Engineer: 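I have a structure I would like to understand better, so I am pasting it below and will then ask my questions one at a time.
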Protein chains: 2
Amino acid sequence: MKSVLAAAPGPAKKGSTRKKGWALGSDIGADLETQIIEGRLSPGAKLDEVTIGNHYSVSRTPVREALRALAAKGLVEFQPRIGAIVARPTVGEVMDLFEVVAELEGVAARLACERMDEADEKLIVETHHSCIEAASSLDPKKYYQTNGQFHEAIQKAAHNQMLSEQIEHLNKRLSPYRRFITFRPGRTETALREHEEVFSALLKRDGAAASTALRDHVRVLAEDTLALARSLKF
Amino acid sequence: MKSVLAAAPGPAKKGSTRKKGWALGSDIGADLETQIIEGRLSPGAKLDEVTIGNHYSVSRTPVREALRALAAKGLVEFQPRIGAIVARPTVGEVMDLFEVVAELEGVAARLACERMDEADEKLIVETHHSCIEAASSLDPKKYYQTNGQFHEAIQKAAHNQMLSEQIEHLNKRLSPYRRFITFRPGRTETALREHEEVFSALLKRDGAAASTALRDHVRVLAEDTLALARSLKF
DNA sequence: TGCGTACGTCGTGTATACACGAAGCCTAAT
DNA sequence: ATTAGGCTTCGTGTATACACGACGTACGCA
């Protein structure tokens, strides 16, 4: 009955081939998030609701909800009367974020020493070796990825889901800046030495040493990244 | 001209006394957040969009956006075909969250030892004394509040805005469970002794001791809270 | 009387319509 | 020619309308 009276400007018709259509907002949010993380949307980039909606063949509503969710996560900022832009934290905020990540990764290393089982250790060993391989391949992109797997393996070994989520979340906010470092020559060798230190401490179950080593490893990364970003942009 | 042609089912008319109406979603989100934190909305409580909209004399749209934002923050969960409910993490998740908070507060204590200036130290001393006073007043509510101020003072002294935000955010997610502990008799005395330990380590600028003491303080709180919650609900 | 099916109601997901502020541009006046 | 003022256009914030799945209830049939 209801669906027959037509005449009214019925929605969900020009959308052409809509199939499931039940979590559009989430999908769009995830895709936008990926684009921000991968650097295709730079900090400060304007996120026009209509443009994005057209791109996904969706109306503004789900786009707005996706943007709100990203804003709550800190990846997007809303400026009154302007709209949404990709979050552009200050240098100080980026430094603070890096520091928190470094501390959290240090915590993960310490907890991993206490809690990791054989499977965790196996994964850590494997990813560490993958890092060495990737470093020798001289493919920055590959090393960037493998490096992430090593860090993830440690977080997994800490057996604290919330800790992993927090680290992942903060890393997402930092990824636009972190990517700079991929291009820094000589960085890989230093990183690998630091990895080695973390690695041996983990195998020895020396929580304090592993924590300090991993924390400092991330700190160094942060300093290099910020120095590089400064030299490029200011 | 435009505003005169009426006839069309113009919006913003039945809303009666709307004045500014430009950030409704944020306001609603903040208010809902407060209600969740203060325990007026318990975990699992259903958040009906229309009901909430009526309560604030607003349509569903800003309510939806507010709920999406809260969901991204982890305070609200969306269940397909059911709608939004106040987040109800598992016991394991709550334990993990507590652990992360404990670690972060420990980090804050260590950083505070390195970075606090006179004003920070003054605030720490003042809030510590307020805690002692509040404890002797035997007013749990008052102690709960003063205790929070002491912890905040330490975070402030760490001079890392992002660290403070993370701790605050996680504490919001934990607040429904944290409130249990207010009613536990004898808890205050123990907490005060632990505070004393943190306090003296801070004054001595002993980062390691302050970090451990504060971390363990939060850990004990977590254990007590979980034990109490379990005894009440299971 | 018990069970199955169908219909009605409810609530969310999405689309569209309108209001309101802001910025840019054009015109006119000094 | 330059500047000031108004108008047009653009884009966001909010409200409303429609679509669609789920749950509950009632009626009919065995």
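What you see is a predicted model, and the numbers here were worked out from it, not measured in a lab. In what follows, every chain begins at residue 1, and chains take the letters A, B, ... in the order their sequences are listed.
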Engineer: Of all the nucleotides listed (D:dT14, C:dG13, D:dG13), which has the minimum atom distance to the side chain of B:Arg64?
Structural biologist: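 Of the options given, the side chain of B:Arg64 lies nearest C:dG13.
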Engineer: Report the C-alpha separation of A:Arg178 and A:Glu38 in whole Å, then their side-chain angles, then the decisive distance to 0.1 Å, and conclude whether the salt bridge (Lys or Arg N to Asp or Glu O under 4.0 Å) test is met.
Structural biologist: CA-CA 10 Å; A:Arg178 236 181 154 145; A:Glu38 296 189 354; over 6 Å; no
Engineer: Which whole-number value in Å describes the distance from B:Asn54 CG to C:dG11 C1'?
Structural biologist: 13 Å
Engineer: How long is the line joining CD of A:Glu65 and P of C:dA15, in whole Å?
Structural biologist: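 Rounded to whole Å, this separation is 11 Å.
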Engineer: Between D:dG13, C:dT12, D:dA15, spot the one nearest the side chain of B:Thr61, thanks.
Structural biologist: D:dA15
Engineer: Could you tell me which residues satisfy side-chain hydrogen bond (donor to acceptor under 3.5 Å, both in side chains) with A:Arg60, sequence neighbours excluded, listed by chain and number?
Structural biologist: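 Residues passing side-chain hydrogen bond (donor to acceptor under 3.5 Å, both in side chains) with A:Arg60: A:Glu49.
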Engineer: Given atom CD of B:Glu49 and atom C1' of D:dA15, what is their separation to the nearest angstrom?
Structural biologist: 14 Å
Engineer: In chain order, what residues pass the side-chain hydrogen bond (donor to acceptor under 3.5 Å, both in side chains) check against A:Arg110, with sequence neighbours excluded?
Structural biologist: B:Glu103
Engineer: Taking CD from A:Glu77 and C1' from D:dT12, how many angstroms apart are they, rounded to a whole number?
Structural biologist: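 Distance, rounded to whole Å: 17 Å.
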Engineer: Between D:dG11, C:dA15, D:dA15, which nucleotide gets closest to the side-chain atoms of B:Val58?
Structural biologist: D:dA15
Engineer: Please state how far atom CG in A:Leu47 lies from atom P in D:dC10, giving the value in whole angstrom units.
Structural biologist: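 Taking CG of A:Leu47 and P of D:dC10, I get 20 Å after rounding.
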Engineer: So which nucleotide from C:dG11, D:dG11, C:dT14 ends up closest to the side chain of A:Ser59?
Structural biologist: C:dT14
Engineer: Starting at atom CD of A:Gln79, determine the distance to atom P of C:dA22, rounded to an integer number of angstrom.
Structural biologist: 14 Å
Engineer: Between B:Lys46 and C:dT12, is there a contact of a side-chain N or O with OP1 or OP2 at under 4.0 Å?
Structural biologist: yes
Engineer: How many Å lie between OH on B:Tyr56 and P on D:dT14, as a whole number?
Structural biologist: 15 Å
Engineer: For B:Ile82 and D:dA22, what is the distance between atoms CD1 and P respectively, to the nearest whole Å?
Structural biologist: 10 Å
Engineer: Quick one: the side chain of A:Arg60 and the base of D:dG13, do they pair up donor-acceptor inside 3.5 Å?
Structural biologist: yes
Engineer: Just by distance, no angles: are the side chains of B:His159 and A:Asp96 close enough, under 3.5 Å, to form a donor-acceptor pair?
Structural biologist: no
Engineer: One thing to verify: whether A:Glu33 and A:Lys73 come together as a salt bridge, which I'm taking to mean a side-chain N less than 4.0 angstrom from a carboxylate O.
Structural biologist: yes
